[in-house]
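Let me begin by presenting the structure, written as structure tokens, before commenting on it.
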Amino acid sequence: MDDTIEARLPLSPVDFYILLVLTNSPLHGYAIMKAVERESEGRVVLQLGSLYRVISRLKDNQLIESQPSAVPGSGPGKPKRYYEISQLGRETLQAESARLVELAELLRGRKLHKGVPS
Amino acid sequence: MNGSRLPSSKLVRWALCLYPRKFRDIYADEMMEVYDELCLKTPRRACSRAILAARTILNLLKCSFLERMPGPAVGPPRHSNSRSQQEDGSTLMDSIWQDIRFAFRMLRRSPLFTAVSIFTLAVGIGATTASFHLIQSYFLSPTLRGPGGELVRVYTATPTGSAFSPFSFPAFEDLRERAQVFSQVAAHRRVSSTINMGGTEEPVSVELVTGDYFSLFGVGAERGRLLWPEDNVSQGAHPVLVISHSFWRAALGRDLDVVGRTLDLSGTSFTIVGVAPARFPGSHSGFATDLWVPVMMHNQARPTGSDLRSRGWGWLTATASVKPETTMHQVQADLDRIGAQLNRDYPGHFENRSFVAYPASPLPDELREGVWLIVMALTAVVVLVLLVGCANIASVLMGRVVARRREIAVRMSLGSGRLRLMRLWVCEALTLSFSGGLLGLVVAVAMHSSLLSMISDPNLMPGVSQDFNWGGVVLGFTLVASVLTGCLFGLVPSLQAGRVNVAAALKDAVGSATASARGSRLRAAFVVTQVTVSVVLLVGAGLLLRTLGEADAFDPGFETANLLLAPVNLGAIGYDPSQSQRFAMQLMERLSAHDDVRNASYAMSVPLSGGRDSSGFVIPGHEPSPEKPWVIISTNVVGPDYFATIGIPIVRGRGFGGRIAAAGMGEVVINETMAARYWSGEDPLGQQFRSADANPRTLQVVGVARDIKYYSLGEPPRPFVYARADQAPAPFFTIHVRTENDAVAFLPALKAEVAALEGSLQVRGAMTFEQLRRVPLLPQKMMAQLTVVFSSMALLLTAVGIYGVVAQSVAGRVQEIGVRMALGGGRGDIVRMILTRVCLLVGVGLILGLTGAAWAFQLIEGFLFGISATDPLTYAMVALLLIVVALAASLNPLRRATGVDPVTALRYQ
């Protein structure tokens with residue numbers, strides 16, 4: 001597999017949102033599902049199977065990592081598995097953001113998109 | 001979090017099983033936690049949670065499918081160099097998923113076709129699954145094994161050819177002690193009995209078993225304990241029983257304190273000592289057992305008065321566990337040895353019988369052959385109906401290929417590959433067949449019980465297990481049936497789609513017309529096949545219905561209406577023959593006193609009931625050889641007034657009534673055939689002959705009775721001897737009562753009279769002659785029901801097929817019709833043109849079908865009565881029916897064809 005960041009681009013909207021919600025703090029599966037829904041303002045609603053399909057792929061792609069133990073202060077009960085963004089994931093997200101901004105610039109230059117700030 | 005808290009969690013857990021093991025190991029538990037959390041955060045309304053469960057499961061099905069398919073394991077799903085990706089960058093799996101979604105969209109667009117197709121497939125696949133379930137549970141299940149090794153069933157074979165006869169309890173004990181090849185042997189007998197549940201009598205299926213029965217099968221108790229050898233020591237001393245899991249659930253509401261409760265079984269109070277596990281059905285998994293009772297309690301569980309220690313009372317069969325490394329050959333050799341010893345030790349009792357062993361199967365061996373025949377016939381019928389349904393769907397799909405050839409051509413010209421296009425059609429077909437298969441499972445469960453009720457008449461197979469066992473094999477069969485069916489009707493349209501001529505289709509010109517002509521020839525072939533199959537099924541149904549009709553209308557030679565028959569066994573309650581004779585005479589007197597009774601009598605056997613007796617007689621002048629001077633003649637022992645009661649006319653002399661004429665001499669009545677055969681040209685009255693037994697008796701003919709049918713409706717005339725019951729008394733007989741009105745209504749009065757004379761005598765199995773005469777025809781009745789149902793279905797589907805082909809042909813020839821009409825052709829010409837085609841199709845199908853039926857039903861000619869397998873009336877009726885149905889199906893398209901406006905048709909061109 002190609003290890004470069006470019007090989008991982010572009011990110012699908014779901015991949016993008018998952019990486020995005022993990023930039024603040026590690027989250028467990030249910031929290032990722034809800035955070036993505038909140039962050040995308042309800043445009044991306046993940047089902048259980050799809051969520052874990054993407055998580056599995058992002059992990060295999062080394063964009064996220066899992067923590068086997070509980071995060072301190074996460075409450076009592078069985079330890080949950082938390083996922084956090086990896087360094088490679090952070091860089092890929094940045095590259096994707098840059099790519100999207102570049103595209104937006106391009107559209108703005110052609111006056112095709114009014115919403116992009118100059 | 002405990003997943004079992006939520007009912008839908010189990011379903012989600014099952015859906016997760018579809019994922020690859022590696023994926024499951026890492027994520028399954030976590031996914032379950034997320035799901036439980038989702039559920040808990042969803043409002044507690046049943047429908048919100050149900051929607052969540054349904055969406056999650058569907059999503060899991062899709063994702064597990066994608067996860068299992070080859071694709072880029074890592075990397076973003078797009079813009080990779082993986083070979084499994086398509087030109088548009090999506091993976092193969094994504095594109096198949098796309099095809100499936102497209103198929104769903106297309107099917108949604110034609111809801112009527114989709115609904116009818118799915119319904120047809122559901123019925124076809126469901127019926128096939130239901131019949132496969134029967135085959136699987138009765139015939140494909142592996143030989144039963146116990147903890148001690150392979151299990152075999154042991155019966156006795158009699159010299160007269162019965163291979164599955166039961167044996168007595170002492171013979172079983174001898175078998176258990178002497179057998180060297182078995183590690184364990186248990187005897188059992190299934191009987192029907194009744195329990196008193198809150199004042200009402202409920203029928204139950206009881207197995208009387210010996211103490212080592214449960215350890216032989218290696219089952220442990222669900223609650224309490226099972227039966228032990230200590231429960232089987234002395235007769236009448238162990239009122240304990242074990243209940244089945246389903247009986248515990250259904251009749252006792254899973255009462256947790258069931259152990260120690262009592263049940264009133266046939267008037268005796270039994271204590272429940274335990275519950276058998278759910279997976280244990282009893283000796284035969286094809287039958288359901290409610291209660292297991294020690295054999296020592298047989299007289300309490302089903303009062304017969306018989307003595308368990310009697311060597312003459314054969315009633316048990318055995319299941320045995322074969323020692324390891326022992327072959328069936330060695331088993332049989334050992335059984336032969338024991339049989340020979342018993343014949344030597346108890347010459348009068350074992351009657352030259354021998355023990356025989358068969359690998360233990362779920363059905364009692366004596367029923368296997370008959371059930372196999374019925375189940376196979378059923379399978380053949382349902383598969384044929386499924387084929388007829390498939391032909392219709394294929395035909396419609398082909399019509400859709402023609403209708404969508406422009407769309408196909410556009411896709412091709414935009415670069416879509418032929419294979420991809422063909423895949424679209426296969427996907428559509430498979431989507432239909434899987435939907436049909438899924439619904440078919442529901443149909444299979446629903447059909448299972450009705451099929452069982454059809455094939456398991458209580459008179460043939462009482463207590464058949466009604467459970468539908470969902471198992472991998474049955475589900476796998478449905479899956480395979482769905483795939484095969486989908487391929488069957490999807491392949492031709494998909495090949496046709498792959499052959500669309502792009503240029504011609506885009507111009508909507510000649511090339512497409514050729515393709516359409518090829519398609520219409522294929523569809524015509526489908527209709528011919530459908531007609532053929534329908535004809536075969538209809539002829540089968542017709543022949544069976546005619547058989548039933550002939551049998552009902554057939555005169556057996558005596559009056560059949562209002563004749564009540566009730567067997568009684570006085571020997572079971574200790575009567576000797578002369579006491580029984582006195583009892584019978586008193587009973588007849590009491591019965592005759594009723595206003596509703598025209599005549600009452602009794603006899604050893606009932607004509608056409610399956611019971612046969614025969615004896616050897618030495619008839620002067622008719623000795624076959626000096627060494628063997630006797631001839632074997634069928635007999636019955638009958639009481640006074642018998643001939644008047646049953647309605648057999650005495651053509652000469654007299655019947656039995658009043659006193660015996662000559663002391664010491666037996667009086668007999670013979671039938672006309674016997675008189676003609678042995679005393680042709682002489683007066684049979686007063687002729688004497690003697691019985692050929694150990695104590696020969698001289699018998700004198702006092703009367704000649706008209707011939708009747710004795711054993712079967714199709715039998716040739718046979719000589720017959722009626723002996724007087726008071727000269728050959730027996731402790732068991734069947735009471736015959738001819739009533740003025742409904743015979744069934746007299747049964748309570750009959751029971752009351754019997755009880756007034758002897759309180760402990762049970763009247764069981766009483767029925768009218770009309771009911772009794774139907775028993776031998778039950779297989780025909782079942783098959784008639786099945787073939788009528790399924791042949792009607794096939795006929796309906798064929799009508800739809802004919803309609804489709806004619807409508808398609810009219811639609812394709814609108815312009816031709818327009819031109820013909822514009823050139824002066826009349827409506828008659830158009831009708832003739834279309835009808836010629838219909839007649840051709842139906843005609844070819846009829847010829848093939850009638851020939852096929854004539855060949856196929858030769859094989860079951862023995863199953864028919866009163867008609868031959870090539871009964872012209874049935875064949876003519878079927879042909880007529882098919883023609884009428886074909887014309888009716890063509891009526892609407894014909895009306896459309898004759899209504900074509902030439903101007904519009906030509907402008908359209």
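Nothing here was measured: the structure is a model prediction, and the numbers come from that model. In what follows, chains are A, B, ... by sequence order, proteins preceding strands, each numbered from 1.
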How long is the straight-line distance from CG of A:L48 back to CZ of B:R55, given to the nearest 0.5 Å? 12.5 Å
Which heavy atom in B:C63 sits nearest to a heavy atom in A:S50, and how many Å separate them? SG-N, 3.4 Å
NZ-CZ distance between B:K62 and A:R53, expressed to the nearest 0.5 angstrom: 8.0 Å
Which atoms of B:I57 are under 4.5 Å from chain A, going by heavy atoms: the side chain, the backbone, both sets, or neither? neither
Inspect the surroundings of CZ in B:F102 and state if more than 12 heavy atoms from other residues, nucleotides or ligands are less than 6.0 Å away. yes
When rounded to the nearest 0.5 angstrom, what distance separates NE2 in A:H28 from CD in B:E37? 5.5 Å
Give me the contact list for residues 16-26 of chain B versus chain A, heavy atoms only, anything under 4.5 Å, ordered by residue number. B:Y19, B:F23, B:I26
Roughly how far, to the nearest 0.5 Å, is CG of B:L38 from CD of A:Q47? 9.0 Å
